[in-house]
Amino acid sequence: MTVAEPQSADFIRTIIANDTKANKWGGRVVTRFPPEPNGQLHIGHAMSICLNFGVAAEFGGRCHLRFDDTNPVKEETRYVEAIKTDIRWLGWDWGEHEYYASDYFDALYQWALQLIKAGKAFIDDQSPDQIRETRGTLTSPGIDSPYRNRGIEENLNLFDRMKSGDFSEGACVLRAKIDMGSPNLNLRDPVMYRILHTPHHRTGDKWCIYPMYDFTHGQSDSIETVTHSLCDTGYADHRPLYDWYLDELDVYHPQQIEFARRNLTYTVMSKRKLNALVEGDHVAGWDDPRMPTLSGLRRRGYTPESIREFCRRIGVAKRESRDDISLLEHCLREDLNKRAPRVMGVLQPLKVIIDNYPEDRVESLDAINNPEDPSAGTRQVPFSRELFIERNDFREDAPRKFFRLAPGREVRLRYAYFITCTDVLKDDSGNVVEVHCIYDPATRGGDSPDGRKVKGTIHWVSAQHALDAQVRAYEHLFSAPDPENAPEGQDYTSNLNPESLMVYESCKIEPSVADSTPGYRMQFERQGYFCVDPDSEPGKLVFNRTVGLRDSWAKVQQKSKP
RNA sequence: UGGCCCGUAGUGUAACGGUAGCACCCCAGUUUUUGGUACUGGUAGUCCAGGUUCAAAUCCUGGCGGGCCAGCCA
């Protein structure tokens with residue numbers, strides 16, 4: 001366990017604290033995170049990961065990473081690797097405790113035999129359709145299978161032949177003998193084993209029968225002497241079955257506790273829908289920076305610390321909820337504000353010429369790397385006669401509350417000089433293409449000796465020293481807080497935000513970041529936090545906008561519009 | 001219509017049966033060489049109806065509302 005941040009007591013931590021105090025498990029706390037390797041982890045999983053690993057760390061216990069790999073037709077090794085990468089990146093360490101449900105196939109098989117011998121399980125020859133039809137409905141009981149009372153020897157023999165590959169898929173299954181009349185569907189003689197002539201990513205072709213989730217999970221917890229088996233509320237109805245298997249088998253019996261799954265505004269979370277976004281080319285892949293996957297968030301520039309803090313703040317509860325993505329973004333900015341070095345970068349360049357500045361002069365100016373962290377030091381930024389500023393930092397028709405550059409207005413160039421706009425050049429269609437200014441040599445560094453104040457400070461980049469770059473700016477993937485809430489007859493894809501990706505070419509960045517490598521995070525002053533994308537190459541920089549700075553000017557403009 | 005779980009500001013989350021608090025969002029202001037950060041203040045809440053009690057967000061009953069469950073998926 002590498003990360004143990006303080007956490008207020010939620011209902012699960014309260015239960016564990018009480019158990020520990022009562023010495024219920026001999027003081028032990030063992031949890032587990034049990035992903036199925038059939039897809040990538042997302043922000044919803046992060047909450048479960050932080051809960052399981054966090055609780056273990058706080059109580060001096062341990063958390064196992066266990067792959068729930070009982071369905072070879074859906075699982076792949078590449079997902080095992082991706083999941084391990086994501087959990088490590090988040091900051092958690094399972095040490096030696098990396099397990100696979102498939103490692104327990106032999107034990108599970110023996111347990112199945114035990115239940116058959118006890119007359120608690122039988123081979124059912126009914127077809128999948130027949131089983132479904134005789135299961136009953138939510139309001140009516142099911143009916144017993146005609147094979148329910150087969151003799152133990154016959155069941156043993158049939159199960160052995162299932163294992164030997166004598167039957168085709170779907171020909172028969174092993175079912176637990178519980179109660180077809182139970183109001184809990186999970187107890188209506190649930191399937192324990194099915195035939196699957198598919199090689200498994202770890203056991204190869206050793207098996208052609210595979211245990212179902214319910215017959216696997218509890219026993220796996222038992223083998224690992226898990227104390228608290230935390231899962232989402234979708235499994236609450238399975239708890240009686242979890243308990244039934246463990247009781248009938250008379251083995252070590254962990255406690256299953258359910259917590260509510262979470263949703264996030266402006267995104268979707270299910271593996272199915274995430275996969276559909278990838279397959280439908282709505283995003284570039286599982287790690288598209290707009291995706292809520294951990295790989296997507298990582299590429300976007302999110303820090304693992306911010307995600308952990310987010311999970312800490314949303315807490316744990318039993319009611320399903322939708323967390324505001326603004327809280328996640330807040331946690332991100334809070335973290336990056338303290339750590340990200342500042343740099344000047346212009347997304348939409350507008351040329352500025354300082355007419356009274358010598359043509360061949362270049363100055364090197366001091367710039368603070370991070371005002372929140374003096375130890376980050378300073379750097380030198382080149383200044384010259386021709387600069388680029390942000391296009392929206394200049395307006396010909398500046399309203400009174402506009403503090404930036406405009407004809408006749410004076411502003412401060414960050415860490416450089418006060419400049420005053422004297423002239424504007426336009427193209428044939430009337431677009432401003434060049435702004436002329438004069439500077440005040442006495443304001444070098446950004447302070448005026450006469451105490452004169454300017455309302456605005458803008459960022460800039462020396463034209464001859466600027467690095468060209470591409471910047472990818474992202475907005476929420478969906479334009480509705482709950483994408484599921486779609487117009488009649490349409491689905492969540494109708495809520496996809498057409499402007500979720502905005503690509504800026506020919507951006508101008510100060511030279512200090514020339515050698516930064518993929519993953520490097522920084523703040524472009526006054527704009528937001530950015531990171532170098534893996535697509536970046538020397539001489540052809542590509543940045544992702546991780547998240548913008550809060551922008552109160554945008555709010556002012558927004559209010560004066562409608 | 002069966003079973004299980006759950007209802008506290010807009011959102012999320014606290015409160016031995018005893019002053020409904022915190023965070024995000026939003027609004028106003030102070031500071032500021034980032035219209036950032038920081039700081040100050042503000043708006044806003046116990047689903048409804050009964051009952052128990054000196055006292056109910058908390059306990060009981062009944063409504064209402066939401067979620068999950070009818071894979072040989074997990």
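Values reported hereafter were calculated over all heavy atoms of this structure, with side chains retained and with hydrogens, waters and symmetry mates removed. Proteins come first, then strands; the chains are lettered A, B, ... in the order of their sequence lines, and each starts at number 1. Please read all numbers here as calculations on a predicted model, not as lab measurements.
Formation of a donor-acceptor pair under 3.5 Å by the A/Asp68 side chain with backbone atoms of A/His217 is not found in this model.
Between the side chain of A/Arg194 and the base of B/G71, no donor-acceptor pair under 3.5 Å is found.
Between A/Met180 and A/Thr134, the shortest heavy-atom distance links the atoms CE-O, 3.3 Å.
Using a 4.0 Å heavy-atom criterion, one finds that A/Phe215 contacts no nucleic acid atom at all. Among the atoms of the strands shown, base atoms are found under 4.0 Å from some heavy atom of A/Tyr415.
Between A/Arg339 and A/Glu305, at least one side-chain nitrogen of the basic residue sits less than 4.0 Å from a carboxylate oxygen of the acidic one, meeting the salt-bridge criterion. Taking the charged nitrogens against the carboxylate oxygens, A/Glu334 and A/Lys338 have no contact shorter than 4.0 Å, which rules out a salt bridge.
Taking every side-chain heavy atom of A/Ser326 into account, B/C25 is the closest of B/C25, B/C6, B/G2.
Classification of B/G63 as anti follows from a glycosidic angle more than 90° from 0.
Straight-line distance from the CZ atom of A/Phe310 to the C1' atom of B/C25: 13 Å, rounded to whole Å. Taking atom CZ of residue A/Arg322 and atom C1' of nucleotide B/G10, one finds them 14 Å apart after rounding to whole Å. Here B/U32 presents its P atom at 12 Å from CG of A/Asp447, a figure rounded to the nearest Å.
Using atom C1' as the reference point in both B/C6 and B/G12, the two lie 15 Å apart (nearest Å). Separating the C1' atom of B/A15 from that of B/C22 is a span of 11 Å, rounded to the nearest Å.
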